[in-house]
Q: 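Before we start, here is the structure in question, set down as structure tokens.
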Amino acid sequence: MCFNKKLTLLTLEYPPGRGEPKVTDSTEVWADITEPGTVTKFQGLAAGYDIALSAVMWRREYRGFTHVEYQGVRYKISATGAAANQLHIKLSLTRG
């Protein structure tokens, strides 16, 4: 697996009422970014999510982050799951 795309993992804290979320934690990592497969796309739609991208990265680098920023666009981490082996984690990302 080739981790050749840089993305920023974010943890956002939302203020009460309306307001911009505050970034409380962030880190840059390397990942493999792809369009979601058909099965992933339909499983996401069934759960109420429109999965835009899938990211596979080292499991040890993921610490419960809530969002990802990739190429200037912020994505919400909708789901995490198993990747090819126990060393990697797969993130399902939705826009927003």
Q: I want to check something: taking the side chain as every heavy atom from C-beta on, are Thr40 and Lys90 in contact at a cut-off of under 4.5 Å?
A: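 When only atoms from C-beta onward are counted, Lys90 and Thr40 do touch, with a gap below 4.5 Å.
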
Q: Test Leu10 against every option in Val23, Thr27, Thr24, Val68 by the side-chain contact (heavy atoms from CB on, under 4.5 Å) rule and name the one that passes.
A: Val23

Q: Counting C-beta onward and ignoring hydrogens, is there a side-chain heavy-atom pair between Asp25 and Arg63 closer than 4.5 Å?
A: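 Asp25 reaches Arg63 side chain to side chain.
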
Q: Would you check if Trp30 and Trp58 make a side-chain contact, meaning some heavy-atom pair closer than 4.5 Å?
A: no

Q: List the steps and the verdict of side chain to side chain contact (heavy atoms under 4.5 Å, CB included) for Val29 and Phe3.
A: CA-CA 9 Å; Val29 298; Phe3 296 149; over 6 Å; no

Q: Give me the one residue out of Leu12, Thr66, Thr11 that meets side-chain contact (heavy atoms from CB on, under 4.5 Å) with Pro21.
A: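 The residue from Leu12, Thr66, Thr11 that satisfies side-chain contact (heavy atoms from CB on, under 4.5 Å) with Pro21 turns out to be Leu12.
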
Q: I'd like to check Met57 versus Asp32 (side-chain heavy atoms, cut-off strictly below 4.5 Å). Are they in contact?
A: no

Q: Are any of the side-chain nitrogens in Glu28 or Lys6 under 4.0 Å away from the carboxylate oxygens of its partner?
A: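 Lys6 and Glu28: salt-bridged.
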
Q: Would you please name every residue forming a side-chain hydrogen bond (donor to acceptor under 3.5 Å, both in side chains) with Ser54, sequence neighbours left out?
A: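 Checked Ser54 against side-chain hydrogen bond (donor to acceptor under 3.5 Å, both in side chains); zero matches.
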
Q: Are Leu91 and Ile51 joined in one hydrophobic group, where the rule is that I, L, V, M, F, W and Y side chains link up if heavy atoms are under 4.5 Å apart?
A: no

Q: With rounding to the nearest 0.5 Å, note down the distance linking NZ in Lys41 to OH in Tyr49.
A: 14.5 Å

Q: If you round to the nearest 0.5 Å, how far is CD1 of Ile33 from CG of Asn4?
A: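 Interatomic distance, Asn4 CG to Ile33 CD1, rounded to 0.5 Å: 9.0 Å.
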
Q: Could you check if a side-chain atom of Arg95 sits within less than 4.5 angstrom of a side-chain atom of Leu53, using non-hydrogen atoms only?
A: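 A side-chain contact under 4.5 Å is absent here.
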
Q: Name every donor-acceptor pair, under 3.5 Å, that has one atom in a side chain of residues 69-87 and the other anywhere in the protein, sequence neighbours excluded.
A:
residue, atom, partner, partner atom, Å
Ser78, OG, Thr94, OG1, 3.0
Asn85, OD1, Leu87, N, 2.8
Asn85, OD1, His88, N, 3.3
Asn85, OD1, His88, ND1, 3.4

Q: Which pair of non-hydrogen atoms, one from Ala52 and one from Pro36, has the smallest distance, and what is that distance?
A: O-CD, 3.2 Å

